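Since the structure comes first, as structure tokens, the remarks are kept for the end.
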Amino acid sequence: MISIQSVSHQYTSGHQLQFADWQVNNGEQWLLLGQSGSGKTTLLHILTGLLTPTHGKVKIGDTDLYSLSSKKLDAFRGQQIGIVFQKPHLIKSLNITENLLLAQSFAGLPNNKKRVEEVLDSLNMLPKKNAYPQELSQGQLQRVTIARAVINKPTLLIADEPTSSLDDKNAEAVLALLKEQSTLNQATLVVATHDKRVKDAFTLTYTLS
Ligand SMILES: Nc1ncnc2c1ncn2[C@@H]1O[C@H](COP(=O)(O)OP(=O)(O)OP(=O)(O)O)[C@@H](O)[C@H]1O
């Protein structure tokens with residue numbers, strides 16, 4: 001379970017954001033909706049341990065995120081939280097398998113090639129396991145980004161505006177993949193977006209105003 005309780009954040013500029021309490025049960029799939037500037041990125045950063053809120057509690061499972069030391073928080077993030085960014089951010093000099101092995105090492109986990117192949121296979125990317133990022137299409141790169149996010153079997157899978165730069169067909173395909181992968185890996189899914197096309201794909205919605 002993931003919960004935020006009485007969370008608010010004040011930037012040094014004085015800008016203050018307040019977030020309604022939110023409880024997410026294991027395996028649920030949520031949409032985080034809000035206009036530009038409403039605080040989606042701020043909340044995602046708070047949920048992923050990247051930004052300590054000025055007030056409030058963030059719990060992932062039994063762990064109170066901000067009671068961890070920064071070293072423990074880094075390891076926790078690597079093992080428990082998978083993040084799909086808008087852009088792939090892969091390392092160009094490493095092939096796809098090596099990029100995924102690196103994500104295991106960063107999380108302090110032993111390298112597990114079998115897991116890499118299993119995840120690539122589930123995303124129909126196994127034939128590209130030895131390819132370099134620049135040899136892949138945009139759609140294939142996005143699949144690798146999703147593979148990297150789920151490689152360590154995270155409790156929480158987060159996607160930040162995964163569809164905003166895509167046409168309708170590709171947006172639908174990426175959403176279907178995220179939902180499929182969260183189910184397959186038993187991860188809770190949170191997709192943040194201001195893309196109205198995504199709305200109908202989810203029944204659970206947390207809206208920022
Ligand atoms: N580092 C910062 N310092 C000061 N104010 C900030 C900072 N980051 C964000 N803000 C402010 O906090 C508010 C929320 O920003 P945030 O990036 O979380 O919104 P968002 O919903 O993700 O927007 P978008 O959809 O445009 O990315 C905005 O008014 C923004 O100007």
Side-chain angles (χ1 to χ4, degrees), residues 2-24 28-60 63-68 70 73-74 76-78 80-90 138-139 141-142 144-146 148-150 154-179 181-182 187-209:
I2 295 151
S3 71
I4 66 168
Q5 211 185 340
S6 312
V7 169
S8 63
H9 189 68
Q10 180 158 23
Y11 284 108
T12 45
S13 62
H15 195 92
Q16 170 112 19
L17 292 159
Q18 206 124 22
F19 300 101
D21 289 356
W22 188 15
Q23 196 163 308
V24 176
E28 285 180 347
Q29 301 184 328
W30 282 81
L31 194 62
L32 169 57
L33 271 180
Q35 297 295 322
S36 175
S38 60
K40 295 183 298 297
T41 305
T42 303
L43 182 54
L44 285 189
H45 285 175
I46 289 172
L47 274 178
T48 51
L50 294 169
L51 177 71
T52 311
T54 322
H55 291 288
K57 230 178 193 125
V58 180
K59 282 185 95 176
I60 297 189
T63 304
D64 180 349
L65 217 55
Y66 293 99
S67 69
L68 298 175
S70 64
L73 183 55
D74 283 344
F76 184 86
R77 187 186 310 114
Q80 305 287 336
I81 304 173
I83 308 175
V84 178
F85 295 104
Q86 236 177 308
K87 295 256 161 68
H89 301 297
L90 295 168
Q138 285 308 311
L141 283 172
Q142 207 140 15
V144 178
T145 311
I146 295 172
R148 190 183 47 188
V150 299
T155 315
L156 173 61
L157 177 60
I158 284 190
D160 190 6
E161 301 280 4
T163 57
S164 51
S165 60
L166 302 175
D167 61 27
D168 289 355
K169 195 165 157 248
N170 282 312
E172 222 171 273
V174 163
L175 277 182
L177 275 180
L178 284 169
K179 292 174 86 175
Q181 285 293 318
S182 81
T188 301
L189 176 67
V190 174
V191 175
T193 191
H194 62 253
D195 185 347
K196 295 224 161 46
R197 298 173 301 174
V198 174
K199 240 179 169 170
D200 294 340
F202 291 79
T203 49
L204 298 167
T205 307
Y206 179 96
T207 307
L208 292 168
S209 49

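Each ligand, and each atom within it, is numbered from 1 in the order the structure gives. The residues of the chain are indexed from 1 along the displayed sequence. Since we're looking at a predicted model, the values are computed, not measured.
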Open item on the list: Go through it in stages, so that I can follow the logic: the residues are Q138 and N170, the test is side-chain contact (heavy atoms from CB on, under 4.5 Å), and I'd like the CA-CA distance, side-chain angles, deciding distance and then a yes or no.
Closed with: CA-CA 10 Å; Q138 285 308 311; N170 282 312; over 6 Å; no

Task: E161, CD atom: more than 12 neighbouring heavy atoms under 6.0 Å - done: yes

Task: Under-4.0 Å heavy-atom contact between protein and atom 30 (C) of ligand 1 - done: no

- [ ] Please state which part of S36 comes within less than 4.0 Å of ligand 1, counting heavy atoms only: side chain, backbone, both or neither.
- [x] both

Open item on the list: Return the closest protein heavy atom for atom 18 (O) of ligand 1 as residue, atom name and distance.
Closed with: T42 OG1, 2.5 Å

TODO: Note the single closest protein heavy atom to atom 27 (O) of ligand 1, along with its residue, its atom name and the distance in Å.
DONE: T41 OG1, 3.8 Å

- [ ] Run the numbers for me: atoms of ligand 1, each under 4.0 Å from some heavy atom of Q35, listed by number.
- [x] 21 (O)

Task: Lys/Arg N to Asp/Glu carboxylate O, D167 vs K169, below 4.0 Å - done: no

Open item on the list: Please list the nearest protein heavy atom to atom 23 (O) of ligand 1 with its residue and the distance rounded to 0.1 Å.
Closed with: G37 N, 2.8 Å

TODO: Please work out which of the three classes, parallel, tilted or perpendicular, describes the rings of H15 and Y11, given edges at 30° and 60°.
DONE: tilted

Open item on the list: Suppose we measure from atom 8 (N) of ligand 1 to each protein heavy atom; which comes out shortest, and what is that distance?
Closed with: Y11 CZ, 3.3 Å

Task: I83/D160 under side-chain contact (heavy atoms from CB on, under 4.5 Å): CA gap, chis, key distance, verdict - done: CA-CA 8 Å; I83 308 175; D160 190 6; 5.6 Å; no

Task: Side chain, backbone, both or neither: the part of K40 lying under 4.0 Å from ligand 1 by heavy atom - done: both

Open item on the list: Does any N or O of ligand 1 fall below 3.5 Å from an N or O anywhere on L17, backbone included?
Closed with: no

- [ ] Distance to 0.1 Å, residue and atom name: give those for the protein heavy atom nearest to atom 19 (O) of ligand 1.
- [x] G39 N, 3.2 Å

- [ ] State whether Y206 and K40 meet the cation-pi test: NZ (Lys) or CZ (Arg) under 6.0 Å from the six-membered ring centroid, and within 45° of the perpendicular axis.
- [x] no

- [ ] Please report the C-alpha distance between F19 and L47 in whole Å, then the side-chain angles of each, then the deciding distance to 0.1 Å, and finally whether the side-chain contact (heavy atoms from CB on, under 4.5 Å) criterion is met.
- [x] CA-CA 12 Å; F19 300 101; L47 274 178; over 6 Å; no

Open item on the list: If I take atom CG from residue L31 and atom CD from residue Q29, how far apart are they, to the nearest 0.5 angstrom?
Closed with: 11.0 Å

Task: Nearest protein heavy atom under 4.0 Å from atom 12 (O) of ligand 1, yes or no - done: yes

